[in-house]
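Data first, discussion second: the structure below is written as structure tokens.
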Amino acid sequence: MLRKEIAEILERSREWGWVLEPDALKISSLYGLRTPKHAVAKEPEEAIRLARDIGHPVVAKIVSHAVVHKSDVLGVVVGIRDDGELTRTLDRFSRIDGFHGMLIEEMVQGVELIVGAKNDFQFGPMILLGMGGVGVEIYRDVSLRMAPLKTMDVENMIQDLTAKRVLAGYRGSQPVNIDALQKTVLAFSGLMMDLKEVAESVDLNPVMCNAESCIVADARIMLKR
């Protein structure tokens, strides 16, 4: 049974059929997934204060029920270092249809992975792990398993990836914390099993993994019609 806080988020999201990113990050954190420091602002003074609290540089993202793919409207700005760029970005975002606010998020570094799931009508939730970011549709380096997952399933998914050498540390780069990655995928499997009756798909992309941890930098939950 879904906890009350999550059920309330899902209920108010039914109007547009998907969960806005701040709420999707909230749900992720409730399942033990790490998320960046973040907050939502609607006014310039509020945005400046929140960005300073989080610490520059920050990422700014449009929050709008009319924008599923933020890149389609240039709805993501990274590396904002000053109040002027921040307020100009907020002004531009506020003109986008369905504006709910601007998500201000700390910048995190690491290898970009995708952890996702789709509800198959025959097999139920199928969990995906792969190399993420904007190149996910180009490289298509992914592994799939049926949920719920066990530790061995995740270990095998990692080994399936062509780019697994990147995770182990490549040409002097630090290796990814594999234990943190496994825990992230297992927690996500639990999340998807609990959402299987209401969610059509869930994408965490990118999940930024480094030597210390794995952090969900972006999350989207699409609801069943």
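The figures that follow rest on heavy atoms only: side chains count, while hydrogens, waters and symmetry mates do not.
Heavy atoms of other residues, nucleotides or ligands lying less than 6.0 angstrom from NZ of K150 number 12 at most. More than 12 heavy atoms of other residues, nucleotides or ligands lie within 6.0 Å of CD in E155, so this atom counts as buried by the packing criterion.
Between the side chain of E46 and the backbone N or O of A41, no donor-acceptor pair lies under 3.5 Å. Between the side chain of K37 and the main chain of I54, a donor-acceptor pair closer than 3.5 Å is present. The backbone N or O of T162 sits less than 3.5 Å from a side-chain atom of D141, completing a donor-acceptor pair. Checking side-chain atoms of N119 against main-chain N and O of E200 turns up no donor-acceptor pair under 3.5 Å. Between the R34 side chain and the A180 main chain, no donor and acceptor come within less than 3.5 Å of each other. A donor-acceptor distance shorter than 3.5 angstrom exists from the side chain of N210 to the backbone of Q109, with no hydrogens or angles considered. Of the possible donor and acceptor atoms, none in the side chain of K26 sits under 3.5 Å from a partner among the backbone N and O of I6. No side-chain donor-acceptor contact under 3.5 Å links S189 to the backbone of V185. Checked by atom type and distance alone, the side chain of N156 pairs as donor or acceptor with a backbone atom of M152 at under 3.5 Å. Without hydrogens or angle criteria, S64 side chain to D97 main chain gives a donor-acceptor distance under 3.5 Å.
Here the shortest heavy-atom pairing between P44 and T87 reads CB-CG2, 3.9 Å. Scanning all heavy atoms of the two residues, the minimum distance from D120 to F123 falls at OD2-N, 2.8 Å. Between A199 and M192, the closest heavy-atom pair is O-CE, 4.1 Å. The nearest pair of heavy atoms linking P125 to M193 is CG-SD, 4.1 Å. Minimum heavy-atom separation, K42 to G101: CG-CA, 4.0 Å. Listed here is the closest heavy atom pair of P22 and V40: CG-CG2, 3.6 Å.
Ring geometry for W16 against H65 counts as parallel: the plane angle stays under 30°, on a 0 to 90° scale with 60° as the upper cut.
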Stepwise side chain to side chain contact (heavy atoms under 4.5 Å, CB included) test for R145 and D160: CA-CA 11 Å; R145 293 291 190 282; D160 285 347; 2.9 Å; yes

Verdict with reasoning, V59 to M107, per side chain to side chain contact (heavy atoms under 4.5 Å, CB included): CA-CA 6 Å; V59 179; M107 289 190 65; 3.4 Å; yes

Working for side chain to side chain contact (heavy atoms under 4.5 Å, CB included), residues R220 and V202: CA-CA 6 Å; R220 182 173 67 232; V202 180; over 6 Å; no

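Atom CD of E43 sits about 11.5 Å away from atom CD1 of I48, to the nearest 0.5 Å. To the nearest 0.5 Å, atom CG of residue D218 and atom OG1 of residue T35 are 12.0 Å apart. Going from atom CD of E21 over to atom CD of E105 covers 6.0 Å, rounded to the nearest 0.5 Å. Between the CG atom in L181 and the NZ atom in K183 there is a gap of 12.0 Å [rounded to 0.5 Å]. Of the inter-residue distances, the one linking M131 atom CE with I114 atom CD1 reads 11.5 Å to the nearest 0.5 angstrom. Rounding to the nearest 0.5 Å gives a distance of 6.0 Å between CG of L129 and CD1 of I158.
For R12 and E15, the salt-bridge test fails: no basic side-chain N is under 4.0 Å from an acidic carboxylate O.
Applying the side chain to side chain contact (heavy atoms under 4.5 Å, CB included) test between L195 and each of V19, I221, L223 identifies I221 as the sole match.
In the hydrophobic clustering of ILVMFWY residues, with side-chain heavy atoms under 4.5 Å counting as a link, V68 and V73 come out apart. At a threshold of 4.5 Å between side-chain heavy atoms, the hydrophobic network of Ile, Leu, Val, Met, Phe, Trp and Tyr places V78 and I62 in two separate groups. In the hydrophobic cluster analysis, where Ile, Leu, Val, Met, Phe, Trp and Tyr join through side-chain heavy atoms closer than 4.5 angstrom, I215 is grouped apart from L113. One hydrophobic cluster holds both L25 and L33 under the rule that ILVMFWY side chains link at heavy-atom gaps under 4.5 Å. There is no path of hydrophobic side-chain contacts, each under 4.5 Å, that joins M208 to V216.
Put simply, the side chain of V154 does not reach to within 4.5 Å of the side chain of I127, judged on heavy atoms. Put simply, the side chain of F188 does not reach to within 4.5 Å of the side chain of V207, judged on heavy atoms. You'll find the side chain of D72 stays beyond 4.5 Å of the side chain of V67, heavy atoms only. Side-chain atoms of H38 and E106, non-hydrogen and from C-beta on, never get closer than 4.5 Å to each other. Two residues are said to be in side-chain contact when any heavy atoms from C-beta on lie closer than 4.5 Å; M126 and M146 meet this criterion. Between F99 and F93, the closest side-chain pair of non-hydrogen atoms falls below 4.5 Å. Using a 4.5 Å heavy-atom threshold, the side chains of L128 and K118 count as separate. In this structure, I178 and Q182 have side chains that are in contact, with non-hydrogen atoms separated by less than 4.5 Å.
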